[in-house]
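Before any comments, here is the structure.
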Amino acid sequence: MRRNAKVVAFVAMSVFVIQCLINKTFPKQNESCTKQKTEINAVVSVKLPTATHIKRAKYAREIREELQNLWYATEFEFERVLTSNDRKRSIVQTEKDLLHRIWALEIQVENVQSLDITWQVDVANKTTNIVSDLIDSHQNPNKCNERGQLFGHPERCGYGCMVHNMLHQFFMALSNNKTWFTYPVGCVYLNGKLTLKNFFQPLSKNCSLRPGDWKEVTSHKDLKENELSYLLSEHMAVAGPHRYSAFTDDLWNSIELFHGKPRAWLAGQLVRYITRPTQQLNEGFNNLVEKVDFTRPLVGLHVRRSDKLTSEDEHADFHLFSQYMKHVDEWYDKYEMRQIIDGSINKVKRRVYLATDDPGIWNETLNYKEYEFIGQRKFTERESDEKTRDTPYGLVQIANEINILSMCDFIVCTLSSEVGTLAYEYMQTLNLNAADRVLSLDAEYGVAGFPVDLHRVVYSHNVEGELSLEPGMLVTGYQQWNGYFNGSYHGKLLSGGNWKLYPSYSVEALPPRFILDKNGQLDLKI
């Protein structure tokens with residue numbers, strides 16, 4: 001009945017309009033037509049949307065429809081697998097079909113994200129300037145005695161480990177109103193003749209260590225109270241989803257407007273400052289980089305072996321080269337889908353920059369005929385032997401490898417390795433948002449082996465054997481790469497709480513808590 005009424009109304013309006021057109025010569029009818037036309041225009045007149053608004057609405061509709069189709073396809077594929085005579089083959093085909101649907105959705109989401117690039121670039125530039133000013137005001141104060149000082153001794157370990165140790169010291173200095181300095185000798189790569197001063201620019205342009213009552217700090221409370229502090233122990237980093245007070249809520253919120261991993265972005269800004277090369281080292285970098293063909297696309301692949309697998313202090317597992325290459329294949333497959341949508345008909349040349357300390361990996365690359373592998377083979381041989389690796393030239397080469405990896409379009413690695421992590425952090429300084437430009441075979445970005453994400457529960461979840469959730473709860477966990485996090489209720493992990501799985505869709509990410517609470521006490525809750 002409602003449908004018939006709409007039809008009748010449409011027909012009546014159509015007849016009225018036609019009558020108006022026919023009876024133009026009659027003033028009264030003309031007046032009536034004009035009045036009716038004005039009323040119609042008043043109803044339909046709206047502010048025209050911009051091209052961006054139109055695109056966003058179009059993409060949103062398409063994504064919603066395709067998400068529904070994805071569910072239909074999933075149900076269909078499950079049914080097909082269950083009824084297949086060759087179940088193994090059917091599973092492989094199902095995975096391939098669903099993966100292509102996911103990539104198509106990701107490309108549509110990327111199209112939506114591209115609509116915001118202009119204003120995000122502006123926010124990113126302003127945020128970068130804020131961080132630069134923060135660093136400069138602490139490291140180069142107008143009067144060197146207007147701030148306290150922190151003198152730290154970097155840990156004796158590999159390059160990535162050393163830089164991250166220095167990064168935590170830098171965070172502590174910035175969070176406690178101190179100018180930071182580091183001990184330039186004692187690095188595993190250097191002998192008595194060379195120091196870090198030969199490779200990195202001074203941390204301060206106009207200040208040096210002040211004479212006075214220097215005290216060793218062993219806690220964050222000591223650091224806050226002592227104006228002149230030196231740190232000989234490890235960096236006092238606290239495991240879990242924590243941040244230093246220099247990483248304010250305002251700064252976090254600003255970064256989150258344009259970047260998916262605020263911690264990685266800020267870490268990238270600081271490690272870039274820490275490792276600013278001297279002119280001599282920069283010339284060495286340039287000479288090595290010039291030998292690399294950066295024709296795009298180029299995927300960086302870092303395979304860490306040797307002592308990372310044998311040392312008792314490490315937490316890395318062995319991964320086959322084929323496991324790395326599976327993700328390289330998938331990245332290029334999706335890249336080719338994107339090229340088709342963009343109208344490109346050129347065949348994509350699959351290129352990989354390989355960085356590894358295992359010479360045997362280069363032999364395995366021969367099994368991948370469709371790929372071109374480039375890299376520093378001689379460096380691989382040097383890196384596999386501690387005697388040639390832990391040398392001044394070894395420092396230059398590992399620093400250069402990390403630099404080149406960061407310049408690639410995508411990185412496949414293990415983020416349990418400090419090298420992969422540092423390359424990922426450097427990458428953030430070269431792109432607006434490179435948060436998703438890495439695939440780790442083990443840990444997610446953060447402290448390996450500990451939960452690095454703080455979540456608030458949005459949807460309840462009650463499945464036997466998994467973590468029970470109710471809206472409003474706080475939980476901490478780390479990514480399992482299967483749609484789940486592994487963790488427990490916030491504050492329970494160190495007090496005997498059981499680690500269990502919980503689904504990613506049921507929670508929302510929160511900024512990490514500050515290491516020190518409002519009373520200046522160490523917050524050890526994870």
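In this text the structure is predicted, and so the values were computed from the model without any measurement.
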Checking Cys161 now: which residues fulfil disulfide (SG to SG under 2.5 Å) with it, not counting sequence neighbours?
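Disulfide (SG to SG under 2.5 Å) check on Cys161 returns Cys157.
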Can you see whether [X] engages [Y] through a side-chain donor-acceptor pair at a distance of less than 3.5 angstrom?
{"X": "Trp180", "Y": "Gln169", "result": "yes"}
{"X": "Ser219", "Y": "Asp222", "result": "yes"}
{"X": "Ser84", "Y": "Asp86", "result": "no"}
{"X": "Arg304", "Y": "Thr414", "result": "no"}

Would you call [X] and [Y] a salt bridge, taking side-chain N to carboxylate O under 4.0 Å as the test?
{"X": "Glu330", "Y": "Lys326", "answer": "yes"}
{"X": "Arg338", "Y": "Asp342", "answer": "yes"}
{"X": "Glu466", "Y": "Lys500", "answer": "no"}
{"X": "Arg156", "Y": "Asp390", "answer": "no"}
{"X": "Lys334", "Y": "Glu110", "answer": "yes"}
{"X": "Arg350", "Y": "Glu372", "answer": "no"}

Among [options], the one residue meeting side-chain contact (heavy atoms from CB on, under 4.5 Å) with [X]:
{"X": "Thr380", "options": "Ile361, Leu354, Thr356", "result": "Thr356"}
{"X": "Ile402", "options": "Val163, Thr275, Val271, Leu422", "result": "Leu422"}
{"X": "Leu474", "options": "Val457, Leu510, Val507", "result": "Leu510"}

Within-4.5 Å side-chain heavy-atom neighbours: [X] and [Y]:
{"X": "Asn176", "Y": "Leu150", "value": "no"}
{"X": "Val412", "Y": "His302", "value": "no"}
{"X": "Trp331", "Y": "Asp409", "value": "yes"}
{"X": "Pro297", "Y": "Gln339", "value": "no"}
{"X": "Asn226", "Y": "Val217", "value": "yes"}
{"X": "Asp97", "Y": "Arg80", "value": "yes"}
{"X": "Ile398", "Y": "Val419", "value": "yes"}

Step through it carefully: locate the ring centre of [X], locate the ring centre of [Y], and say whether they are under 6.0 Å apart.
{"X": "Trp499", "Y": "Tyr478", "value": "yes"}
{"X": "Phe258", "Y": "Trp265", "value": "yes"}
{"X": "Tyr445", "Y": "Tyr424", "value": "yes"}
{"X": "Phe410", "Y": "Tyr353", "value": "no"}
{"X": "Tyr502", "Y": "His461", "value": "no"}

According to the interplanar angle, ranging from 0 to 90°, do the rings of Phe171 and Tyr244 count as parallel (below 30°), tilted (30 to 60°) or perpendicular (above 60°)?
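Ring orientation of Phe171 relative to Tyr244: parallel.
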Over 60° means perpendicular and under 30° means parallel, so tell me whether Tyr335 and Tyr332 are parallel, tilted or perpendicular.
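Tyr335 vs Tyr332 ring planes: perpendicular.
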side-chain contact (heavy atoms from CB on, under 4.5 Å) between Phe321 and Leu301, intermediate numbers included:
CA-CA 10 Å; Phe321 185 61; Leu301 177 55; 3.5 Å; yes
Heavy-atom closest contact ([X] atom, [Y] atom, distance):
{"X": "Met166", "Y": "Ile274", "answer": "CE-CG2, 3.7 Å"}
{"X": "Leu415", "Y": "Cys413", "answer": "CD2-SG, 3.8 Å"}
{"X": "His164", "Y": "Glu425", "answer": "NE2-OE1, 2.7 Å"}

Exam field: side chain [X] to backbone [Y], donor-acceptor pair closer than 3.5 Å:
{"X": "Gln120", "Y": "Leu257", "answer": "yes"}
{"X": "Asn253", "Y": "Asp249", "answer": "yes"}
{"X": "Ser175", "Y": "Met172", "answer": "no"}

With side-chain contact (heavy atoms from CB on, under 4.5 Å) as the test, would you mind laying out the steps for Thr476 and Asp453 before giving the verdict?
CA-CA 6 Å; Thr476 52; Asp453 299 295; over 6 Å; no
Enter the distance from Cys408:SG to Arg437:CZ here, rounded to the nearest 0.5 Å.
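Going from SG on Cys408 over to CZ on Arg437, the span is 11.0 Å.
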